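Some notes on the structure that comes next.
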Amino acid sequence: QEFRLIDCGISSTFEDVVGSRAINLEGTVAFLSCEQTGRVNKSVDYRTDLYSLGVVFYFLLTGSLPFMGADMMELIHAILAKQPTPPIALNPAIPETLSS
C-alpha cells in the first residue's frame, strides 16, 4: 500500500496562524478541526494539527474516517456536534487503551 502526504502547499508557519480565526476552508474537510471550520469562536493553534493527526491515526486503525457526510456542510456539522464511533467497535483487534 502507498501513502502520500498532500496539502502541503496550504501550510502556514506558526506565527502566521497563532491566535487567528479560520476564514477560508482549505484542505481536506474530513481532517479539519472545529477551529479550522470557522464555525466556532476559537483561535487556530497547534492543537488543530494534533486533531488532524488523530484523524489520520483513526483512519489507519479502522480503515474509515471518524465522521462522514453527504456534503461539506453535513460533514462540518458532524465534526462539530458528533462523537466518533470508538475505533474498537470498527476493529476489535485494537487494544482497549488505544481505542480510548
Side-chain angles (χ1 to χ4, degrees):
Q1 213 172 25
E2 184 177 301
F3 293 95
R4 293 181 184 204
L5 182 61
I6 62 169
D7 287 345
C8 296
I10 60 170
S11 62
S12 302
T13 64
F14 182 72
E15 290 79 17
D16 290 341
V17 298
V18 69
S20 69
R21 302 234 188 292
I23 297 171
N24 297 322
L25 286 180
E26 293 186 77
T28 307
V29 177
F31 294 85
L32 296 180
S33 67
C34 296
E35 296 83 4
Q36 289 174 298
T37 66
R39 304 314 193 264
V40 294
N41 191 23
K42 293 187 178 183
S43 298
V44 174
D45 61 22
Y46 67 92
R47 293 173 289 185
T48 62
D49 292 332
L50 296 176
Y51 176 88
S52 297
L53 182 60
V55 174
V56 170
F57 287 152
Y58 187 98
F59 183 79
L60 290 173
L61 290 169
T62 66
S64 66
L65 293 168
F67 302 107
M68 302 291 212
D71 58 33
M72 187 174 71
M73 292 310 296
E74 189 176 308
L75 180 55
I76 289 172
H77 172 74
I79 291 169
L80 294 171
K82 296 183 177 182
Q83 292 290 320
T85 301
I88 199 168
L90 300 173
N91 180 356
I94 297 172
E96 178 69 37
T97 50
L98 184 58
S99 180
S100 297

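Remember, predicted model here, so these are calculated numbers, not experimental data.
- In this structure a side-chain-to-backbone donor-acceptor pair under 3.5 Å is present from Ser100 to Glu96.
- Hydrophobic clustering of Ile, Leu, Val, Met, Phe, Trp and Tyr side chains at less than 4.5 Å, counting indirect connections, keeps Leu61 apart from Val56.
- Annotation: side chain to side chain donor-acceptor pair (under 3.5 Å) contacts of Ser52 (sequence neighbours excluded): none.
- Here the side chain of Glu74 pairs no donor or acceptor atom with the backbone of Asp71 at under 3.5 angstrom.
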Audit row: Leu90, Tyr58, side-chain contact (heavy atoms from CB on, under 4.5 Å) steps and yes/no:
CA-CA 10 Å; Leu90 300 173; Tyr58 187 98; 3.4 Å; yes
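- Taking each heavy atom of Asp45 and Arg47 in turn, the nearest pair found is OD2-NH2, 2.6 Å.
- Atom CG of Leu53 sits about 10.5 Å away from atom CZ of Phe31, to the nearest 0.5 Å.
- Using a 4.5 Å cut-off on side-chain heavy atoms (C-beta onward), Thr85 and Phe67 make no contact.
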Could you go through Leu98 and Phe57, starting from their C-alpha distance and side-chain angles, then the distance that decides it, and tell me whether this counts as side-chain contact (heavy atoms from CB on, under 4.5 Å)?
CA-CA 10 Å; Leu98 184 58; Phe57 287 152; over 6 Å; no
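- The side-chain contact (heavy atoms from CB on, under 4.5 Å) search around Asn91 returns Ala93, Ile94, not counting sequence neighbours.
- Thr28 places no side-chain N or O within 3.5 Å of a backbone atom of Ala30 that could act as its donor or acceptor partner.
- A distance of 9.5 Å separates CD of Glu35 from CG of Leu80, quoted to the nearest 0.5 Å.
- Residue Leu75 holds its CG atom at 10.0 Å from CE of Met73, rounded to the nearest 0.5 Å.
- With rounding to the nearest 0.5 angstrom, the NZ atom of Lys42 is 12.5 Å from the OG1 atom of Thr48.
- A pairwise comparison of heavy atoms in Tyr51 and Ile79 identifies OH-CG2, 3.8 Å as the closest pair.
- Under the 3.5 Å distance criterion, the side-chain polar atoms of Arg39 are matched with a main-chain donor or acceptor of Thr37.
- In this structure, CG on Asn41 lies 8.0 Å from OG on Ser43, to the nearest 0.5 angstrom.
- With hydrogens and angles ignored, the 3.5 Å screen pairs a side-chain donor or acceptor of Ser99 with a backbone N or O of Ile88.
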